[in-house]
Every structure is written in structure tokens, then in C-alpha cells.
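Some notes on the structure that comes next.
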Amino acid sequence: MKVCRTRAIASTTSSRNKNANTTNFATYMNIFNKLHDYIDDNFELFVKRLTQWLSIPSISTLPANRKEVSEAALWILDQLEAAGLNDATVIETKGHPLVFGQKLVNPDLPTLLIYGHYDVQPVDPLEEWITPPFSPDIRDGAIYARGASDDKGQVLLVLFAIEAWTRTAGAVPVNIKVVLEGEEESSGDAIEKYVTANPEMFSADAVLICDTPMMSATQPSIITSLRGIVYSEIAMSGASSDLHSGSYGGVAPNPVHGLCLLLGKLKQEDGVIRIPELQKALDDSSAPTRAELDYWQQNGRAIRAELCRTMGVTQLVGETERPPLECIGLRPTLEIHGIRGGFVGEGEKTVIPAKALAKVSLRVPPGLDPDKVAEWFTKAVRDNSPQGYETETRILHIGRGLAVDPENSYFRAAVRALEKTYGKGPLLTREGGSIPVAALFNEILQIPVILMGFGLPDDNLHAPNEKFSLEQFRRGIKTVALFLKEIT
Ligand code: BES
Ligand code: MN
Ligand code: MN
């Protein structure tokens, strides 16, 4: 019925219109062939340019690398210009600089804001790298370097897509604004402050973020939610000074053990986080969709096997009665990043440490308010601290999660672009990682966020031997080039 009606309407359009459509279609195909050729012809150069950028150690959390972070900002500034963007500027902030550029081609067309980050994670443990993290190496079809996938490779693929349009068609088919930050990996608030103070500068109809993995090289996906984060430091102290463990062991408080007791209570072997307010609030936070439930049910075994493979483990832990993708995308987690205290040198030393420190974060499901979670967590630490110790919780950083609404034309355009490049429609998936500024764009600018990334699950983000597949790099450029047309 529906098809017939559409046909009937189509047949009533004037022949002039029909001709226009045919011409448009031909022009469209012509542009695409040109874009494809341009991308393929220049691909080696694109890889060379990526190699250059990856050689700059822009580790934002290390004060010693401050100069290199600025150098990476200046390097990418040139690329914004090469892509044909105007007003390319490095914006100094109290932290690391922002990089901005734009191309406003026509006020009647939509404006796409593009976000990415040029800073990278630290590289330790260095001895685990097969080739040095800032000497990019190409092997097995991937480029290995810190920042390859997160996020330099993905920032560049977007810029190269823009460049391809500029060089083949003279200009991009939509209005573009690009903003890149240099402190995403170190929880800096420069971008948040700047965007909050200058919302009109970033006003746009949608924001595209390529800073996530897709399901696999043969199965594209678009991300529909990210978790928020509460990052904390728990300091525990016992005696006023370190003690001989023979003389005092048995009666002295031992803060390393105290932390073990506390942390062991907050999350037990069943993976359930023992924060009552959090458990209560979970009932009302985002629920999986019917399609997700079906997918998890039908592919449970394969999903578990794939997770085991990429992590290099034989079984999963935590809330094992739940689907693992629910645990990663929709459940909170409490993770201990490190514990410092006592003696861990070579040999032995019989000491009872006076102090210990743990770095602990909670990932927060997209529907929950991380400020509240931080409060509940602080209270739970207080309530569960063992007697005889002094415990202090410092919240270092809070980032909001995000649930994406797939019901908009920009999301549908991303679906079509992926379909065309990969020959297969994307699945909608959730990610457990966090991109705090994504929620900010959604709230302050009130625009849809499109999380279309081209990383792969085994890219070793934040770990030794980070890599980015060159085929993903190439397809990423092509997909974004298509996306820019699809949103007009
Ligand atoms: N690109 C990641 C976020 C990410 C990773 C999303 C994997 C989805 C899957 C980003 O660079 C990142 O690492 N974010 C940090 C934020 C934190 C420092 C506030 C994170 O998730 O730990
Ligand atoms: Mn990232
Ligand atoms: Mn990261």
C-alpha cells in the first residue's frame, strides 16, 4: 500500500523536476567517485601525516610534556587549514589549548560541530611496547603508536574527509565547526569552561564525535550511550609512623589492609556494588531496548567468547548472571586503578605502613546523576571504613554519561553513510567508556550527538601497543565524507 502511494506521488512530479533529480543523482555519483579516488590516491600521504602527528608525545597528564602537547596543537592547526577551514586558531586556556576552525558555506545549510582530542594517555609500562610508543610502526595492516586510535587517527580521518571535499568539490557540502581539546585524557575543564562561556561560537545542529570503537571491522556500529564517571582517591592512615611488624603486628592498624577491607566490602565477588542509594537509583535508570535484549540473548555465547579473546582471559567476572554488554553499557562499576602503600621493593621488609592510598573510580550508567553517585560513594566509604583508621575520600573528577536519541535525521544519516561504506547497516551499541564533554554539548547546545567511531575493540586503548587499523582509517575517511553529504 505504502509503496504504491509513494509511486503515485512520484509519478505526478513534473518532468522538469524529474530531470533535476536525475542530474542531481548523476552529480552526486560523480562527486562520490571523485571523493573516493581522491582518498585512495592520497591514502599513503594521509598515513604519513598521521605518522608525523603520532610522533609528538602529547601526554596531557604529565607536566613534563607540556611543550609537546602545545606542539601537537600547532601541528593539527596546520591540518585544519589544509582541510580548507577558516579562522583556524589555537585558543590558550588555563590548561592545554583548544584548537578551533570553521567553514561556513551557506547559512541555509545545517552546521556540523566536530569534536576530538589531540592529547594521549601515558605510555607505561614502556617495556611492554613492541615498538616505541612515539615511533609509529606499521605492521599487520595497522599503525602502532600511543594515540593511534584514541584519538589522533580518528581526528585526522575527519579532517581528511573535509580535505577531500575541499580538494574535489571546492568546499564542504555543509557548514563545519571543528573543536579539539588537549586535556580529555586528564580530566581538564578548559573546554567545558570555554564552551559554557561562548555557546554561540559552537552553535550547531549536531555534533560528530569519532572517539569510540565499532563492533568489528565487518560489523559497523553507532554508540547509543556512554557511562559517566566519578574518579576518587581514598587516603587511609593508621599509626603516626611506620612500625616494626614484629613489635606491633596484631594490634596496629595496617592501612593497606584497611583499604582491602573497605574495598572488599564496597564490591564483593558477585560484582554488586554495595552502595544502597546507588542500587535503589538503578531501578529507574536507562533500560535496554527490546532489540538489545534480543541481540544479547541470541549472541550471548559469541559475545562472551569475543570479550574473553580481546581481554586475554578464560572467563568473565562480576555480575555474571547478567549479559556482559549490559554490565559494560548500563551497569555501574567500581574499579581500583592502583594502591600505593608499604613496601613493594625487591627483597623483604617487615613494616606496617602508616599510610595507604587507593585510586578508585565508579562508572555511572547514562541515566544517573554522577554528582549524586559521588555523594553516595563518599558516604559508603565512611560507613564501611574499618574501626581504628582515618579515611578521607577526595573526588578528583566527575563526568556525566550520555544517552543518545537515535530518532533524528543526523543519526539516520550516519546509519546510511556506514551502510554505504561497509555494505551493512550498523548495530546500535552502548559503550562503557566516558567522553564527558559529549554530555555538555547535548545539554548546553541542545543538539544531537553522533558517536560514530572507527576504532576496533582490540585497539589497546590506554594500554601498551595501541594501534589503529589502516583499513578502518581509510573507510573512516570515506564514511565521514559521505556523512557530510547525507546531512544536507
Ligand atoms: N575515547 C575514550 C572514551 C571511550 C573509550 C569511549 C572506549 C568508549 C569506549 C576517551 O578518550 C577516554 O578514555 N575517556 C576517559 C575519560 C576520563 C579520563 C574522564 C575514560 O573513559 O576513562
Ligand atoms: Mn578518546
Ligand atoms: Mn582515552
Side-chain angles (χ1 to χ4, degrees), residues 32-58 68 71-85 99 114 116-121 123 129-168 178 180 208 210-214 216-218 220 417-418 421-422 452-461 463-484:
F32 280 116
N33 291 336
K34 277 198 193 157
L35 281 169
H36 262 239
D37 290 350
Y38 181 85
I39 294 164
D40 288 335
D41 292 347
N42 287 276
F43 192 66
E44 259 174 55
L45 274 172
F46 290 157
V47 175
K48 266 218 181 97
R49 285 155 75 184
L50 173 60
T51 304
Q52 270 187 22
W53 202 25
L54 288 173
S55 305
I56 306 173
S58 51
E68 286 83 356
E71 199 189 320
L74 282 175
W75 190 92
I76 197 66
L77 184 74
D78 282 350
Q79 306 299 312
L80 263 63
E81 279 171 349
L85 299 177
V99 177
I114 290 159
H117 62 95
Y118 65 84
D119 62 324
V120 302
Q121 285 275 321
V123 298
W129 287 78
I130 293 166
T131 51
F134 298 110
S135 307
D137 186 48
I138 294 172
R139 52 180 190 270
D140 309 325
I143 185 162
Y144 284 79
R146 170 58 85 230
S149 177
D150 187 11
D151 181 29
K152 285 174 173 170
Q154 302 206 56
V155 166
L156 266 189
L157 73 83
V158 180
L159 290 182
F160 291 155
I162 296 173
E163 184 176 311
W165 269 100
T166 305
R167 299 271 168 266
T168 54
V178 173
L180 307 174
L208 171 68
C210 299
D211 187 23
T212 47
M214 63 167 56
S216 79
T218 51
L418 284 166
T421 317
Y422 285 84
M452 178 171 63
F454 297 90
L456 292 176
D458 61 355
D459 276 351
N460 300 321
L461 304 188
N465 307 308
E466 179 177 347
K467 66 167 172 67
F468 190 38
S469 149
L470 291 180
E471 196 46 36
Q472 286 295 102
F473 186 46
R474 184 197 300 263
R475 285 181 150 186
I477 303 172
K478 290 181 176 173
T479 310
V480 173
L482 280 170
F483 176 70
L484 297 184

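The structure presented is a predicted model; accordingly, all values stated were derived computationally and were not measured. In what follows, residues are counted from 1 in the order of the sequence shown.
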**Request:** Please check if the side chain of Trp129 supplies one atom and the backbone of Val123 the other of a donor-acceptor pair under 3.5 Å.
**Result:** yes
**Prompt:** CG of Leu156 to CG of Leu50: how many Å apart, nearest 0.5 Å?
**Reply:** 5.5 Å
**Asked** Can you name the closest pair of heavy atoms from Cys210 and Val480 and give their distance?
**Response** SG-CG2, 4.3 Å
**Prompt:** Looking only at heavy atoms, what is the nearest atom pair of Glu68 and Ile56, with distance?
**Reply:** O-CG2, 3.3 Å
**Request:** Look up atom OG1 in Thr421 and atom CD1 in Ile477, then write down how far apart they are to the nearest 0.5 Å.
**Result:** 11.5 Å
**Prompt:** Do any N or O atoms from the side chain of Gln154 and from the backbone of Ser149 form a donor-acceptor pair under 3.5 angstrom?
**Reply:** yes
**Message:** Looking at Ile130, is its backbone amide N or carbonyl O close enough to the side chain of Asn465 to form a donor-acceptor pair, meaning the two atoms are under 3.5 Å apart?
**Reply:** yes
**Asked** Are any of the side-chain heavy atoms of Asp459 and Gln472 separated by less than 4.5 Å?
**Response** no
Contacts table for residues 159-168: side-chain donor-acceptor under 3.5 angstrom, sequence neighbours left out:
{"unit_1": "Glu163", "atom_1": "OE1", "unit_2": "Arg49", "atom_2": "NH2", "d": "2.7"}
{"unit_1": "Glu163", "atom_1": "OE2", "unit_2": "Tyr38", "atom_2": "OH", "d": "3.2"}
{"unit_1": "Glu163", "atom_1": "OE2", "unit_2": "Arg49", "atom_2": "NH1", "d": "3.2"}
{"unit_1": "Trp165", "atom_1": "NE1", "unit_2": "Ala481", "atom_2": "O", "d": "2.9"}
{"unit_1": "Thr166", "atom_1": "OG1", "unit_2": "Ala83", "atom_2": "O", "d": "2.6"}
{"unit_1": "Thr166", "atom_1": "OG1", "unit_2": "Ile162", "atom_2": "O", "d": "3.0"}
{"unit_1": "Arg167", "atom_1": "NH2", "unit_2": "Ala82", "atom_2": "O", "d": "2.6"}
{"unit_1": "Thr168", "atom_1": "OG1", "unit_2": "Ala164", "atom_2": "O", "d": "2.6"}

**Item:** Donor-acceptor contact below 3.5 Å, side chain Arg146 vs main chain Gln121
**Value:** yes
**Request:** May I have the step-by-step check of side chain to side chain contact (heavy atoms under 4.5 Å, CB included) for Asp150 and Val120, ending in yes or no?
**Result:** CA-CA 7 Å; Asp150 187 11; Val120 302; over 6 Å; no
**Asked** Got a second to check how far Tyr144's OH is from Leu54's CG, nearest 0.5 Å?
**Response** 13.5 Å
**Non-hydrogen side-chain atoms of Glu71 and Leu74 separated by less than 4.5 Å** = no
**Request:** Quick one: closest heavy-atom pair of Asn460 and Pro464, and the distance?
**Result:** CB-O, 3.5 Å
**Prompt:** Do you know the tightest heavy-atom contact between Pro213 and Pro457?
**Reply:** CB-N, 4.2 Å
**Asked** Do Lys152 and Ser58 touch side chain to side chain, with heavy atoms closer than 4.5 Å?
**Response** yes
**Message:** Please check: side-chain N/O of Trp53 versus main-chain N/O of Trp75, any donor-acceptor pairing under 3.5 Å?
**Reply:** no
**Item:** Step-by-step salt bridge (Lys or Arg N to Asp or Glu O under 4.0 Å) determination, Lys467 to Asp140
**Value:** CA-CA 10 Å; Lys467 66 167 172 67; Asp140 309 325; over 6 Å; no
**Reported CZ-to-CG distance for the pair Phe468 and Leu456, which is rounded to 0.5 angstrom** = 7.5 Å
**Request:** Would you check if Val178 and Val155 make a side-chain contact, meaning some heavy-atom pair closer than 4.5 Å?
**Result:** no
**Euclidean distance, Leu157 CG relative to Phe46 CZ, rounded to 0.5 Å** = 10.5 Å
**Complete:** To the nearest 0.5 Å, atom CG of Leu85 lies from atom CD1 of Ile114 at 8.0 Å
**Asked** According to the salt bridge (charged side-chain N to carboxylate O under 4.0 Å, His left out) rule, which pairs have a member within residues 129-139, sequence neighbours left out?
**Response** Asp137-Arg139
**Request:** Could you tell me whether Arg475 sits above the aromatic face of Phe454, with NZ or CZ closer than 6.0 angstrom to the six-membered ring centre and within 45 degrees of the axis?
**Result:** no
**Request:** With the side chain counted from C-beta on, respond yes when Lys478 and Leu35 share a heavy-atom pair under 4.5 Å apart, and no when they do not.
**Result:** no
**Message:** I want to check something: taking the side chain as every heavy atom from C-beta on, are Leu418 and Met452 in contact at a cut-off of under 4.5 Å?
**Reply:** yes
**Asked** Any idea which heavy atoms bring Thr479 and Tyr422 closest together, and the distance?
**Response** OG1-CE1, 3.9 Å
**Message:** Between Val47 and Leu45, is there a side-chain heavy-atom distance shorter than 4.5 Å?
**Reply:** no
**Message:** Can a donor-acceptor pair be found, under 3.5 Å and without considering hydrogens, that links the side chain of Glu466 to the backbone of Gly147?
**Reply:** yes
**Asked** Does Ser135 offer a backbone N or O that forms a donor-acceptor pair with the side chain of Ser55 under 3.5 Å?
**Response** no
